[in-house]
There are 2 protein chains.
Amino acid sequence: MTTKDKIVNAAEALFAEHGFEQTSLRQITSEAGVNLASVNYHFGSKKALIQAVMARYLSRFMPALARQLQSLENYQQVTSRAVFDCFRQPLMALTDVSRQGPANFLRLLGFAYSEIQGHLRKYTMTEFGTVIEQLLQWLHRANPQLSDAELFWRLHFILGATVFAQVSSQALIEIAAADFDEQVDPEHIIDKLIPFIAGGLDSSAAG
Amino acid sequence: MTTKDKIVNAAEALFAEHGFEQTSLRQITSEAGVNLASVNYHFGSKKALIQAVMARYLSRFMPALARQLQSLENYQQVTSRAVFDCFRQPLMALTDVSRQGPANFLRLLGFAYSEIQGHLRKYTMTEFGTVIEQLLQWLHRANPQLSDAELFWRLHFILGATVFAQVSSQALIEIAAADFDEQVDPEHIIDKLIPFIAGGLDSSAAG
DNA sequence: ACATATTTAAAACATGCGTTTAATTTAAAC
DNA sequence: GTTTAAATTAAACGCATGTTTTAAATATGT
């Protein structure tokens, strides 16, 4: 494994656990077993390293999601639930990148949004804007009673519930095990999440 | 106004805008017009200052929420919507603390949860555990079909959607204005949120 | 008024950060 | 085998952070 790969792998694990700003280059290079300066040599800066970690996931996830959404064409009636089920396969396929790929990806997304809100949003929209528009279009078809604006707001509520659930997943799983004798894998939180967000999206508008 | 109050006020505004870790004591004392060392003199540490800022809101919000929840006794049938509507008045009453009290409080909650997950949770549960249990009890009465565990998960999804919506509120409001010609006040995001979270909570369980 | 706490003030301290530099080692090309 | 480029290393730089120290100013109590 090259030095560059060692750095990206170590960075991903530490970023997903502690967030971007809370993780230092010294932690990363120490964990990777490489020299501190090699990050700036291979990536130029910490910011560029963050983008490299995110890009590795986004470049796999987004095309896979686009394919899933296109398969919805076969349905006559499209439900919110069907649209959100499109996220399952692309997410689980991220195990190719790393054993904890799906969980890491969602946690990274959460940190990225809460830490450098604007930056990642702009990057995601310019790089994968068509997939996002595709998703919006399908959700609009599943919920024609909702205005574009209402859909926009609810989509971000969904994003919030999702990333928060992942960022807090460790603590929540422990509490669930202690208080309810319920053993939940991180990858199965999405099973609990999808009914919730689909129900929220389909809910009748404000009153 | 005492030095201590100046510090808490400045800290609250800066914490709510940038988060706890991203805000330095030098920013706070500069904004408050007091000496740097006075933070450690009056509060002991930055961590203690953070707790003081949070405590000022929690000590008002939690008892008010408890009163609202108790008023649900008058209802025969309790809906999720009715339970969540109990949050409105206690939240809006936070304007007593500061003009942007409600928005600040929710943003602070969001940062607290994503930054020092465990700490605040433990503090909240030991300090205001009875209110939380009261809330859980009412939601269980509104949704007897959900197990305790399911309710637990969905409550945290709701928390995630709420805090994320507040942390990202500035960006979302701007986008909504640009893309949908929709003018939304920060305090009215909760009007869009409550139908969403009530719908998600009432949704039928996983399949 | 004086003596005693309490509060403010300026400066320095110790630490950790991202980044850069300069030298050395390793690999590739001819 | 020599030369040239690429990669690694150790050390230092400049800066920002939370905290502590020491001294001066202010308020408090008798």
Side-chain angles (χ1 to χ4, degrees), chain A residues 1-56 107-108 111-120 122-123, chain B residues 1-56 107-108 111-120 122-123:
Chain A
M1 188 157 46
T2 71
T3 298
K4 213 171 168 180
D5 286 335
K6 284 190 211 163
I7 293 173
V8 175
N9 286 337
E12 176 196 316
L14 288 168
F15 284 154
E17 189 171 5
H18 304 114
F20 298 111
E21 307 228 4
Q22 330 284 340
T23 302
S24 69
L25 295 185
R26 283 167 178 82
Q27 287 177 265
I28 293 170
T29 53
S30 170
E31 177 76 20
V34 302
N35 189 270
L36 168 63
S38 55
V39 170
N40 282 284
Y41 176 77
H42 284 288
F43 296 92
S45 68
K46 183 181 180 181
K47 195 180 220 168
L49 172 60
I50 294 175
Q51 286 193 345
V53 171
M54 293 307 295
R56 188 163 69 160
R107 284 181 63 88
L108 291 171
F111 283 124
Y113 251 88
S114 61
E115 283 187 15
I116 48 167
Q117 297 169 30
H119 289 199
L120 184 79
K122 190 167 286 182
Y123 167 74
Chain B
M1 187 159 42
T2 71
T3 298
K4 212 171 169 180
D5 287 334
K6 284 190 211 164
I7 293 173
V8 176
N9 287 337
E12 177 196 316
L14 288 169
F15 284 156
E17 189 171 6
H18 304 112
F20 298 111
E21 306 228 5
Q22 329 286 339
T23 302
S24 71
L25 294 185
R26 283 166 178 83
Q27 287 177 264
I28 294 170
T29 53
S30 170
E31 177 76 20
V34 303
N35 189 270
L36 167 63
S38 54
V39 171
N40 281 285
Y41 174 77
H42 285 287
F43 296 92
S45 67
K46 183 181 180 180
K47 195 180 220 168
L49 172 60
I50 294 175
Q51 286 193 346
V53 171
M54 294 306 297
R56 188 163 68 159
R107 283 181 65 87
L108 291 171
F111 284 124
Y113 252 87
S114 60
E115 283 186 15
I116 48 167
Q117 300 168 30
H119 291 196
L120 184 78
K122 190 168 285 181
Y123 167 74

How many whole angstroms separate atom CD1 of I28(A) from atom P of dG16(C)? 17 Å

Using five base pairs at each end to define the local axes, how bent is the helix from dA1(C)-dT30(D) to dC30(C)-dG1(D), to the nearest 10°? 10°

Hey, what do you get for CZ (F15(B)) to OG1 (T23(B)), rounding to the nearest 0.5 Å? 5.5 Å

Would you mind checking if R56(B) and E12(B) are paired as a salt bridge, meaning a charged N to carboxylate O distance below 4.0 Å? yes

Under a 4.5 Å cut-off applied to non-hydrogen side-chain atoms, are V34(B) and I28(B) in contact? no

Among all residues two or more places apart in sequence or in another chain, which pass the side chain to side chain contact (heavy atoms under 4.5 Å, CB included) test with E17(B)? none

Taking only heavy atoms on the protein side, list every residue of residues 9-16 of chain A lying under 4.0 Å from any atom of DNA chain D, sorted numerically. none

When all nucleic acid strands are considered with a 4.0 Å heavy-atom cut-off, which category describes T2(B): base, sugar-phosphate, or nothing? nothing

Rounded to whole Å, how long is the line connecting atom CG of D5(A) with atom C1' of dA7(D)? 15 Å

For S24(B), is there any backbone N or O sitting under 3.5 Å from a side-chain donor or acceptor partner on K46(B)? no

Whole angstroms only, please: what is the CG-C1' distance between N40(B) and dT7(C)? 15 Å

Spacing of L14(B) atom CG and H18(B) atom NE2 [to the nearest 0.5 Å]: 7.0 Å

Under the rule for side chain to side chain contact (heavy atoms under 4.5 Å, CB included), what residues qualify as partners of A13(B), not counting sequence neighbours? none

Contact pattern, 5' to 3', of nucleotides 9-16 of chain D - B, S or - by protein heavy atom under 4.0 Å: BB-B----

Considering only heavy side-chain atoms of S45(B), the closest of dG18(C), dT8(D), dT19(D) is dT19(D)

Rounding to a whole Å, what distance do you find between K46(A):NZ and dG18(C):P? 4 Å

Applying side chain to side chain contact (heavy atoms under 4.5 Å, CB included), can you list everything that pairs with S30(B), at least two apart in sequence or on another chain? none

Excluding sequence neighbours, so at least two apart, what forms side chain to side chain contact (heavy atoms under 4.5 Å, CB included) with L36(B)? L25(B), R26(B), T29(B)

Is the shortest heavy-atom distance from the side chain of E21(A) to the side chain of Q22(B) under 4.5 Å? yes

Nearest-Å distance, CD (Q27(B)) to C1' (dG18(D))? 13 Å

Between dT7(C) atom P and F43(B) atom CZ, what is the distance in whole Å? 12 Å

Check whether any side-chain N or O of H42(B) sits under 4.0 Å from OP1 or OP2 of dT8(C), and answer yes or no. yes

Could you state the CD1-C1' distance from I50(B) to dG18(D), rounded to the nearest angstrom? 12 Å

Under 3.5 Å, side-chain donor or acceptor atoms of residues 37-44 of chain B against the rest of the protein: list the pairs with distances, not counting sequence neighbours.
unit_1, atom_1, unit_2, atom_2, d
S38(B), OG, N35(B), O, 2.4

Starting at atom NZ of K47(A), determine the distance to atom P of dG18(C), rounded to an integer number of angstrom. 14 Å

